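These numbers were taken from a predicted model, which means no experiment stands behind them.
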Amino acid sequence: MCGFLGEISSQLLEHKRFKSLLDLSIHRGPDAQDIWTACNCQLGFNRLAILDVTDAAMQPVISPSGRYALVFNGEVYNYKHLQKTFQIPDYALRSYSDTEVLVQLLDNIPFSELVSQINGMFAIAVWDIKHEKLYLARDFSGIKPLFYGIKDNSIVFASQFNQVFRHPKFSELSLRPEIMKEYFGLGYMHAPNTVFKDIYQVEPGHYIIWDFKTKTIIQKKKYYNWITNPKHPDDSEQTRVLFSKHFNDTIKSQLQSDVPIATFLSSGYDSSLVTAYAKQHKADINAFTYGVDNMDLDESEDAKVYAACLHVSHIIEHSSTNELLNIVDDHFKTMPEPFGDYSSVPTYFITKKAKQYASVMLSGDGGDELFWGYPR
């Protein structure tokens, strides 16, 4: 997953205290950790290595010109296309990671253009050393979290909510009653809100610019437009052909990894399609299924049939109700924000088991929404 923490302030935390806050997200990136400190800015990063697992791809990273410092959580699926489009030669790259392409582009195009060009899931923080401005951006679906808090002429930003509200700048916390009502209605904190005053989320598909000189947000902009103009009905042949092409291209782009990659396979349309298309591009891909001891909820037998039809290597892990109950406390230690969806408990258990086989998992999240699978 990776995770980062940053602060822009005239009074930065001492290294030890900053590291203790950074360690709160070390489970997101257990492979490596680094901290970069300069005048008025401190950035920390916990890495889960996926592309270019060498130290050359470590963050925080400075642009070749020395002007920008970047931390980035996520994956940019079209980074090779961006390298080609903007004519960045291979010899200029210090690593072959997607992060390196991003930081190269910062020296060549405006930040607003950069984020609008990215195809992926991401949370990005960029510190403009020359002009003392902070840029924060989040992917169009809000897959990757990005929190920030503004207090005492300073800004703190991080991948995790608790890394912001535990910062000494926010030692006195005040709840927002109107947002608590929203949370109990939805089960989660709806961006840009959080339950605490002075702490926010970057909205999906948005970027913000915070100026150290004025100590204010000087721009908040939506860079992604959800407006679509469908040309064909859902059930037309043209739609089926176009969907197949775009879905295939998407899955292919998400199979870029230097570490083991697999899929989650349930008995639904979404994960079955993901696995089927992934198999076309990666013949040896494994499919992972999670089974439970409740026959009404267990999908492992149906998934076994799909796996056999697709000719994929299939791994099934089972758990009992007691096993799930026993990991609840561990789960909430890694859930640093209010979240009312109980399905997060088995999801935590599934991913914990899956990590034994792969570091990257393709799943069908969002598929039910795309294929009208939920009642309205």
Engineer: I need the Leu186 CG to Lys181 NZ distance, nearest 0.5 Å.
Structural biologist: 11.5 Å
Engineer: When you look at Tyr207 and Leu136, which way does the side-chain contact (heavy atoms from CB on, under 4.5 Å) test go after all the steps?
Structural biologist: CA-CA 5 Å; Tyr207 69 82; Leu136 299 176; over 6 Å; no
Engineer: Give, for atom OG1 of Thr250 and atom CG of Leu255, the distance between the pair rounded to the nearest 0.5 Å.
Structural biologist: 11.0 Å
Engineer: Under 3.5 Å, is there a donor-acceptor pair between the Ser236 and Thr239 side chains?
Structural biologist: yes
Engineer: Find the distance between CZ (Phe332) and OH (Tyr348) and round it off to the nearest 0.5 Å.
Structural biologist: 11.5 Å
Engineer: With the 4.5 Å side-chain cut-off for hydrophobic clustering, are Val71 and Ile35 part of the same group?
Structural biologist: no
Engineer: What's the shortest heavy-atom distance between Leu21 and Pro168, and which atoms?
Structural biologist: CD1-CD, 4.4 Å
Engineer: Under a 4.0 Å N-O cut-off, is there an ion pair linking Glu178 with Arg176?
Structural biologist: yes
Engineer: Check the hydrophobic clustering (I, L, V, M, F, W, Y; side-chain heavy atoms under 4.5 Å; chains of links allowed) and say if Trp127 and Ile208 are grouped together.
Structural biologist: yes
Engineer: At their closest point, which heavy atom of Gln104 faces which heavy atom of Ala92, and how far apart are they?
Structural biologist: NE2-O, 2.9 Å
Engineer: Using only atom types and a distance under 3.5 Å, with no angle test, would you say the side chain of Thr54 pairs donor to acceptor with the backbone of Ala56?
Structural biologist: yes
Engineer: Taking atom CD of Glu172 as the centre, report whether more than 12 heavy atoms of other residues, nucleotides or ligands fall under 6.0 Å from it.
Structural biologist: no
Engineer: Which heavy-atom pair separates Ala69 from Leu43 by the least distance, and what is that distance?
Structural biologist: CB-CD1, 3.8 Å
Engineer: Compute the ring centroids of Tyr148 and Phe157, then answer whether they are less than 6.0 Å apart.
Structural biologist: no
Engineer: Got a second to check how far Lys169's NZ is from Glu7's CD, nearest 0.5 Å?
Structural biologist: 8.0 Å
Engineer: Centre-to-centre under 6.0 Å for Tyr200 and Phe147, is that the case here?
Structural biologist: no
Engineer: With a 4.5 Å limit on heavy-atom distance, are the side chains of Cys41 and Trp36 in contact?
Structural biologist: yes
Engineer: Is the distance between the ring centroids of Tyr357 and Phe288 under 6.0 Å?
Structural biologist: yes
Engineer: Under 6.0 Å from the CD atom of Gln87, do we count more than 12 heavy atoms belonging to anything else shown?
Structural biologist: no
Engineer: Would a distance-only check, ignoring hydrogens and angles, find a side-chain to backbone donor-acceptor pair under 3.5 Å from Asn248 to Ser244?
Structural biologist: no
Engineer: So, does Asn46 use its side chain to make a donor-acceptor pair with the main chain of Leu22 at under 3.5 Å?
Structural biologist: yes
Engineer: Looking only at heavy atoms, what is the nearest atom pair of Asp52 and Ala57, with distance?
Structural biologist: O-CB, 3.3 Å
Engineer: Let me check something: any side-chain donor-acceptor pairs from residues 115-122 under 3.5 Å, sequence neighbours excluded? List them with distances.
Structural biologist:
residue, atom, partner, partner atom, Å
Ser116, OG, Ser112, O, 3.4
Ser116, OG, Glu113, O, 2.8

Engineer: Are Asp128 and Tyr68 close enough, and set up right, to give a side-chain contact (heavy atoms from CB on, under 4.5 Å), and what steps lead you there?
Structural biologist: CA-CA 5 Å; Asp128 184 336; Tyr68 299 99; 3.8 Å; yes
Engineer: Quick one, Glu132 with Asn40, criterion side-chain hydrogen bond (donor to acceptor under 3.5 Å, both in side chains). Give me CA distance, side-chain angles, the key distance, then yes/no.
Structural biologist: CA-CA 9 Å; Glu132 295 190 306; Asn40 303 323; 3.0 Å; yes
Engineer: Count the heavy atoms of every other residue, nucleotide or ligand shown that sit under 6.0 Å from NZ of Lys304, and state whether that count exceeds 12.
Structural biologist: no
Engineer: Give a yes or no answer on whether the side chain of Ser25 reaches the backbone of Arg28 with a donor-acceptor pair at less than 3.5 Å.
Structural biologist: no
Engineer: Could you tell me whether Lys151 atom NZ has more than 12 heavy atoms of other residues or ligands within 6.0 Å of it?
Structural biologist: yes
Engineer: If every non-hydrogen atom of Ser344 is compared with every non-hydrogen atom of Met335, which pair is closest and at what distance?
Structural biologist: CB-CE, 4.1 Å
Engineer: Considering residues, nucleotides and ligands other than Asp55, do more than 12 of their heavy atoms fall under 6.0 Å from its CG?
Structural biologist: no
Engineer: Can a salt bridge be assigned to the pair Asp23 and Lys19 using a cut-off of 4.0 Å between side-chain N and carboxylate O?
Structural biologist: yes
Engineer: Measure from the side-chain N and O atoms of Thr289 to the backbone N and O of Leu265, and report whether any donor-acceptor pair falls under 3.5 Å.
Structural biologist: yes
Engineer: Would you say the ring centers of Phe196 and Phe165 fall short of 6.0 Å from each other?
Structural biologist: yes
Engineer: Would you please indicate yes or no on a ring centroid separation below 6.0 angstrom for Phe111 and Tyr135?
Structural biologist: yes
Engineer: Would you mind checking if Asp284 and Lys282 are paired as a salt bridge, meaning a charged N to carboxylate O distance below 4.0 Å?
Structural biologist: yes
Engineer: How are the rings of Tyr290 and Phe349 set to each other: parallel, tilted or perpendicular (split at 30° and 60°)?
Structural biologist: tilted
Engineer: Are Val312 and Asn286 close enough that some pair of their side-chain heavy atoms sits under 4.5 Å apart?
Structural biologist: no
Engineer: Nearest 0.5 Å, what's the CD1-CG distance between Ile50 and Leu48?
Structural biologist: 4.5 Å
Engineer: Give a yes or no on whether the backbone of Ser253 and the side-chain of Gln256 come within a donor-acceptor separation of less than 3.5 Å.
Structural biologist: yes
Engineer: If you take all heavy atoms of Arg138 and Tyr223, which pair is closest and at what distance?
Structural biologist: O-OH, 2.6 Å
Engineer: Check Arg240 with Glu237, please: is the shortest side-chain N to carboxylate O separation under 4.0 Å?
Structural biologist: yes
Engineer: I'd like to know whether NE2 of His318 has more than 12 heavy-atom contacts from other residues, nucleotides or ligands below 6.0 angstrom.
Structural biologist: yes
Engineer: Is it possible for you to check whether Lys245 lies under 6.0 Å from the centre of the six-membered ring of Phe247, through NZ or CZ, and within 45° of that ring's axis?
Structural biologist: no
Engineer: About how many Å separate CG of Leu82 and CG of Asn108, when rounded to the nearest 0.5 Å?
Structural biologist: 12.0 Å
Engineer: Check for a donor-acceptor pair, side chain of Lys213 on one end and backbone N or O of His131 on the other, with a separation under 3.5 Å.
Structural biologist: yes
Engineer: More than 12 non-hydrogen atoms from neighbouring residues, nucleotides or ligands closer than 6.0 Å to NZ on Lys279, yes or no?
Structural biologist: yes
Engineer: When you measure from the side chain of Thr275 to the backbone N and O of Leu273, does any donor-acceptor pair fall under 3.5 Å?
Structural biologist: no
Engineer: Where do Thr37 and His15 land on the side-chain hydrogen bond (donor to acceptor under 3.5 Å, both in side chains) test, with the steps shown first?
Structural biologist: CA-CA 9 Å; Thr37 306; His15 180 87; 5.3 Å; no
Engineer: If only side-chain N and O atoms count, and only distance matters, is there a donor-acceptor pair under 3.5 Å linking Thr85 with His81?
Structural biologist: yes
Engineer: Judged by modelled atom types alone, do Gln83 and Asp90 share a side-chain donor-acceptor pair under 3.5 Å?
Structural biologist: yes
Engineer: Answer yes or no: does atom CZ of Arg94 have more than 12 heavy-atom neighbours from other residues, nucleotides or ligands under 6.0 Å?
Structural biologist: yes
Engineer: Hey, are Ser20 and Lys16 close enough side-chain-wise for a donor-acceptor pair under 3.5 Å?
Structural biologist: no
Engineer: Examine distances only and state if a side-chain atom of Asp211 and a backbone atom of Thr216 form a donor-acceptor pair shorter than 3.5 Å.
Structural biologist: no
Engineer: Look at the aromatic rings of Tyr188 and His190 and report parallel, tilted or perpendicular, splitting at 30° and 60°.
Structural biologist: tilted
